[in-house]
Student: 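Here it is: the structure, laid out below.
Throughout, a chain's letter reflects where its sequence line sits, starting with A, and its residues are numbered from 1. Note: hydrogens, waters and symmetry copies are ignored here, and every other heavy atom, side chains too, is used.
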Amino acid sequence: MFVYIVRKLLNTIPIIFGVAIVIFVLFNMVGGDPALMMVGKHANAQRIAELRAEYGFDKPQIEQFVQYLKQIVTFDYGRSYATRRQISDMISDGLGPSMSLTLPAFFLTTFLAVIIGLVVAYFRGKWIDKSAVVFCVFGMSIPVLAYILFGQYFLAYKLGLFPISGYEQALSERWQYLVLPMILWVVVSLGYDVRFFRTAILEETGQDYVRTARAKGLSEQKVFFKHVLKNSMVPIITNVVIEIPLLILGAFLFEGFFGIPGIGSITIEAIGNSDFPVIKAMTTLFALLYIGGNLATDILYTLVDPRVSLK
Amino acid sequence: MHSFHIRFGFAAVAVFALASLSSCTKQSDDGGNTLRLVTTSKIKGMDPAFADDLYSGTETSRVYEGLLQYHYLKRPYELIPNLAEAMPEIAPDGKVYTFKLRKGVVFQDDVAFKDTAGKGREVTADDVIYSFKRLADPKLNSSGWWVFDGKIAGLNEWRETQAKATTVDYAAAVGGLKATDRYTLRIQLNQRSYQFIYALAMSFAYVVPREAVDHYGKEFLNHPVGTGPFKMTEFNGASKIVYVRNPTYRKEVYPSEGEAGDKEAGLLEDAGKPLPLADKLVVSVIVESQPMWLNFLAGKLDATSIPKDNFSTAITPTKDLSPDLKAKNVKLHKSPSLDVTHESFNMKDPLFGKNKYLRQALSLAHNTGPLIETFYNGQAVAAQGPIPPGLAGYDAGYKNPYRQFDLEKAKAMLAKAGYPGGKGLDPIDYATVTNSTSRQMNEYLSKAFADIGVQLKINSYSWPEFQSAVKNKKGQMWGFAWGADYPDAENFLQLFYSKNVSPGPNDANYQNPAYDKLYEKSLTLRDSPERTKVYQDMQKMLVEDAPWIFGVHRVTFALTQPWLKNYKLHEFDYTRAKYLRVEPSLKK
């Protein structure tokens with residue numbers, strides 16, 4: 001397995017290089033000029049030239065690209081053009097708030113979705129299953145923003161069950177602001193997850209080995225929990241693990257509406273400001289996390305399915 | 001099935017238990033005299049040298065102060081002393097400003113003051129010089145350099161010399177910045193300027209202590225140390241900033257006079273009381289408009305602007321407060337903004353640069369009336385020129401002949417321009433920003449032009465791309481707005497000065513030697529009927545040449561809770577918080 005991991009990690013180098021080229025071309029050659037963004041409304045040619053020189057925009061593109069590659073290796077992207085803050089600080093400051101929302105919400109969603117998925121698959125074709133499917137489709141058809149606007153207006157403002165928005169550093173006070181976005185997150189994701197898990201489980205129940213198990217006289221519970229559940233774990237794990245990088249990057253819509261100072265909105269804002277160092281840092285981070293997520297999925301497969309071996 | 005019910009029931013109970021707990025949690029900032037304000041943009045930092053947007057400017061002004069400030073209540077806007085003891089003495093040639101500083105003003109206590117064991121020391125004229133040089137520091141590259149660029153004698157030379165040096169030498173003298181004694185500052189200008197003085201009330205020109213800049217280095221932007229009314233205790237530019245009353249603040253009192261109507265509005269009740277009036281200030285960063293609006297309705301914010309989507313629920317068609325808000329005793333504040341919106345013609349474009357009649361025709365075809373109703377809730381003034389109401393040079397009775405909507409006249413003018421019925425005219429290349437309001441406004445403009453047979457080709461860009469297009473003169477037309485940096489029409493008229501063409505603020509790239517001559521003349525004149533006349537003559541030139549389709553002067557709205565006292569809209573409201581207080585008896 002060690003060799004597999006090393007090889008997989010080595011494989012990421014050309015991927016990262018490819019990602020770097022795409023990002024560089026997109027934002028360095030096609031996007032706006034960051035010097036113009038920085039100089040503001042009282043611009044003049046001299047100021048723009050000074051800023052270009054200070055940030056190295058006047059250097060040849062190839063030199064700028066090499067500089068970018070260096071930053072990827074050292075993971076030191078310097079300071080944001082827009083906020084002038086150290087990017088590593090921006091990320092580490094935002095990580096806590098983002099993850100304190102997304103991680104619990106994610107685990108809760110997965111936990112609930114697997115349980116509900118199992119229940120509805122167990123009662124396949126019965127009213128529980130049918131109504132669950134209807135609810136799932138209904139839930140999936142409503143945009144996230146509608147949930148947020150509704151939750152904020154009715155649950156927080158009208159009923160006063162939660163604070164409308166806000167955030168506190170102290171954990172003892174922080175959680176109260178996270179409850180509502182967390183509930184909404186769960187509601188938003190549940191429809192998709194339950195439907196997916198239900199399908200994954202049902203697909204297994206139609207397999208030959210299940211029929212064999214039943215023919216051998218195994219109880220329905222045993223067939224379901226011992227055989228079906230274990231085998232349906234592969235698609236479930238793929239679905240779950242692939243979401244993890246997204247969690248670390250936060251949820252900009254939730255963060256924006258609930259005033260959570262996470263890193264979800266950092267990338268969006270950076271693109272709006274042509275804040276190239278931040279864009280570079282965030283996209284590279286995302287690519288790395290995604291590759292890491294894939295690797296973790298592969299390793300987890302071996303744990304749930306002995307037929308899979310990593311070579 | 002049984003267990004499913006139990007589990008689901010448990011989850012539901014847990015959710016509501018959490019909900020009830022969270023709503024019962026004690027709010028930590030519910031002190032009696034705590035102001036709870038909002039900012040709608042993330043705060044970049046607290047360094048005055050980079051406070052280049054309204055939001056950072058406002059936050060830095062809670063902690064820092066400059067030599068001058070604006071009178072809170074008087075209109076038209078009037079400069080008054082702040083760190084200066086009195087208004088400066090200005091030499092007859094208009095080039096030398098002498099300031100006397102207030103004695104005994106100290107910086108806030110901070111660990112950066114190592115010599116005094118953390119105790120804030122007194123502000124001297126040298127601190128002002130240091131802060132001004134900091135704006136010019138070529139290694140720092142402050143975004144506020146434009147306020148002094150080319151204005152103070154020797155400062156540009158100092159900047160150039162330091163740019164070549166490895167480290168910036170703040171001890172090197174600048175001829176135009178001299179501390180003649182501990183409390184006296186002499187500023188020598190390169191040429192006479194009556195607008196220079198406004199720079200001294202801007203957040204860029206706030207006074208910072210060198211000890212703090214050196215101590216915190218690049219992190220100075222997160223550690224403000226000023227002389228201002230409040231001291232920052234918590235900073236998270238993306239969620240919340242907390243300030244408390246600065247215990248070492250100098251004695252400054254609430255103004256005892258204002259404009260007509262202020263007394264009746266209760267704005268003079270606190271006259272003579274020491275500032276700041278509030279003990280604590282909590283500024284929430286709320287970027288989205290719905291949570292801001294709901295927080296205000298729930299009484300969690302003391303003041304708010306009115307989001308576009310909530311305007312019709314807050315304000316009745318007769319422009320009064322809605323009955324719901326009236327019942328809550330919410331107060332509505334309205335004030336004309338010192339700004340102008342406009343559509344620019346790119347005068348560098350071979351077509352528009354040479355065809356005055358075409359520009360005039362399009363100007364005539366653009367109807368501002370429905371625009372104001374649709375996009376500004378009926379609350380804006382149709383602009384006849386660049387100068388907004390409230391500034392010398394604005395003439396309420398003046399009507400721009402090319403801004404009185406007249407389709408027939410527009411068509412005739414288009415024919416005169418050589419394109420009868422729009423024939424032979426390619427679609428106009430119009431650069432715009434990708435967002436819903438711009439899109440709606442562009443549709444309106446397209447329709448207006450289509451009515452005389454002119455087509456618009458809309459190119460939507462992200463904001464950075466849009467900036468690049470305009471600054472590189474790519475495109476034939478684009479829309480913009482300009483907000484005043486200071487209350488002088490010159491700030492609007494410089495938008496047409498030939499030396500300011502793109503990438504400068506003259507985005508129409510208008511160049512007219514006769515206009516330049518008048519502009520340069522206006523700079524040498526004090527505020528006087530003579531200067532006002534020059535401003536109006538310049539405006540007439542612009543009207544005739546039509547480098548812009550003048551849009552509107554907007555109106556600012558705000559709502560305040562009944563318990564918030566002394567709120568008054570102010571165009572340069574950087575220091576407002578010190579005048580505000582909460583009346584606890586009116587707060588439930």
Side-chain angles (χ1 to χ4, degrees), chain A residues 31-34 36-45 47-48 50-51 54 79 82-86 93-94 97 112 115-116 119 123 128 149 152-153 155-157 160-169 173 175-177 179-180 183 256-262 265 269 271-274, chain B residues 1 3-4 7 11 15-16 18-23 25 28 42 44-45 47 50 52-53 138 141 143 145-147 149 163 218-219 221-222 234 236-240 284-288 290-292 294-295 297-298 300 461-468 471-472 482 485 500 502-505:
Chain A
D33 182 346
L36 289 177
M37 291 300 293
M38 279 185 264
V39 78
K41 65 181 198 175
H42 291 274
N44 65 46
R47 282 284 299 138
I48 293 169
E50 281 170 5
L51 284 168
E54 186 189 345
R79 285 177 181 266
T83 65
R84 304 181 74 84
R85 289 190 65 208
Q86 196 73 36
D93 283 357
L112 289 174
I115 288 178
I116 299 173
V119 171
F123 293 102
I128 289 190
L149 294 175
Q152 217 163 33
Y153 185 78
L155 302 178
Y157 171 62
L161 294 172
F162 309 97
I164 294 160
S165 71
Y167 188 81
E168 286 291 338
Q169 278 305 328
E173 289 185 47
W175 67 272
Q176 56 168 325
Y177 294 102
V179 178
L180 180 59
I183 292 173
F257 272 84
F258 290 98
I260 299 163
S265 48
E269 265 180 40
I271 292 170
N273 291 327
S274 277
Chain B
M1 198 164 109
S3 65
F4 171 75
R7 273 191 188 131
V15 161
F16 281 94
L18 279 172
S20 50
L21 262 175
S22 71
S23 57
T25 308
S28 55
K42 291 186 183 175
K44 295 193 298 191
D47 183 346
F50 293 98
D52 49 13
D53 58 281
N141 232 334
S143 48
W145 166 234
W146 66 269
V147 301
D149 188 6
K218 290 215 162 185
E219 292 306 312
L221 81 171
N222 297 323
E234 190 185 327
N236 185 332
S239 75
K240 194 168 81 168
S284 301
V285 181
I286 308 182
V287 180
E288 295 292 340
Q290 160 156 310
M292 175 178 81
L294 295 180
N295 271 306
L297 292 182
K300 307 279 183 201
Y461 296 116
S462 69
W463 177 243
E465 289 169 325
F466 176 70
Q467 289 267 43
S468 290
K471 301 286 181 197
N472 292 311
W482 183 269
D485 296 298
N500 288 345
S502 284

Student: With only heavy atoms counted, which part of Leu180(A) is less than 4.5 Å from chain B, the side chain, the backbone, both or neither?
Tutor: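 Leu180(A) has no heavy atom closer than 4.5 Å to chain B.
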Student: Between Tyr461(B), Trp482(B), Trp463(B), which residue shows the highest count of heavy-atom pairs closer than 4.5 Å to chain A?
Tutor: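 Result: the option with the highest number of such pairs is Trp482(B).
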Student: Give, as side chain, backbone, both or neither, the part of Leu36(A) having an atom under 4.5 angstrom from any heavy atom of chain B.
Tutor: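 When you check distances to chain B, atoms from both the backbone and side chain of Leu36(A) fall under 4.5 Å.
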Student: Below 4.5 Å from any heavy atom of chain A, which atoms of Lys42(B) appear? Answer side chain, backbone, both or neither.
Tutor: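 It is the side chain, since no backbone atom gets that close.
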Student: Using heavy-atom distances under 4.5 Å, tell me whether Arg84(A) contacts chain B through its side chain, its backbone, both, or neither.
Tutor: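 Its backbone and side chain both get close to chain B.
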Student: Is it the case that the side chain of Asp149(B) and the backbone of Trp145(B) share a donor-acceptor pair, with hydrogens and angles ignored and the cut-off at 3.5 Å?
Tutor: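 Not at all, since once roles are kept as given, no pair shorter than 3.5 Å links the two residues.
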Student: Please flag which part of Ser143(B) lies under 4.5 Å from any non-hydrogen atom of chain A: side chain, backbone, both or neither.
Tutor: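 Contact with chain A is through both the backbone and side chain of Ser143(B).
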Student: Who are the side chain to side chain contact (heavy atoms under 4.5 Å, CB included) partners of Asn236(B), not counting sequence neighbours?
Tutor: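 By the side chain to side chain contact (heavy atoms under 4.5 Å, CB included) rule, Asn236(B) matches Gln169(A), Pro261(A), Ala238(B), Ser239(B).
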Student: For Glu54(A), is it the side chain, the backbone, both or neither that has a heavy atom under 4.5 Å from a heavy atom of chain B?
Tutor: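 Only the side chain of Glu54(A) comes within 4.5 Å of chain B.
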Student: Where on Tyr153(A) is there a heavy atom nearer than 4.5 Å to chain B: the side chain, the backbone, both, or neither?
Tutor: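 Interface part for Tyr153(A): both.
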Student: Spell out, as yes or no, whether a donor-acceptor pair under 3.5 Å connects the side chain of Lys300(B) to the backbone of Asn295(B).
Tutor: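 Not at all, since once roles are kept as given, no pair shorter than 3.5 Å links the two residues.
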Student: Which answer fits Phe466(B), side chain, backbone, both or neither, if we ask what part of it has an atom under 4.5 Å from a heavy atom of chain A?
Tutor: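 Neither the backbone nor the side chain of Phe466(B) comes within 4.5 Å of chain A.
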Student: Backbone N or O of Asn141(B) within a donor-acceptor pair of the Glu50(A) side chain at under 3.5 Å?
Tutor: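 Judged by distance alone, no pair lies under 3.5 Å.
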Student: Where on Phe257(A) is there a heavy atom nearer than 4.5 Å to chain B: the side chain, the backbone, both, or neither?
Tutor: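 For Phe257(A), the contact with chain B is made by backbone and side chain together.
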Student: If the condition is side chain to side chain contact (heavy atoms under 4.5 Å, CB included), which residues does Arg85(A) pass it with, not counting sequence neighbours?
Tutor: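 Partners of Arg85(A) under the side chain to side chain contact (heavy atoms under 4.5 Å, CB included) test: Thr83(A), Asp89(A), Met90(A), Asp93(A), Leu221(B), Asn222(B).
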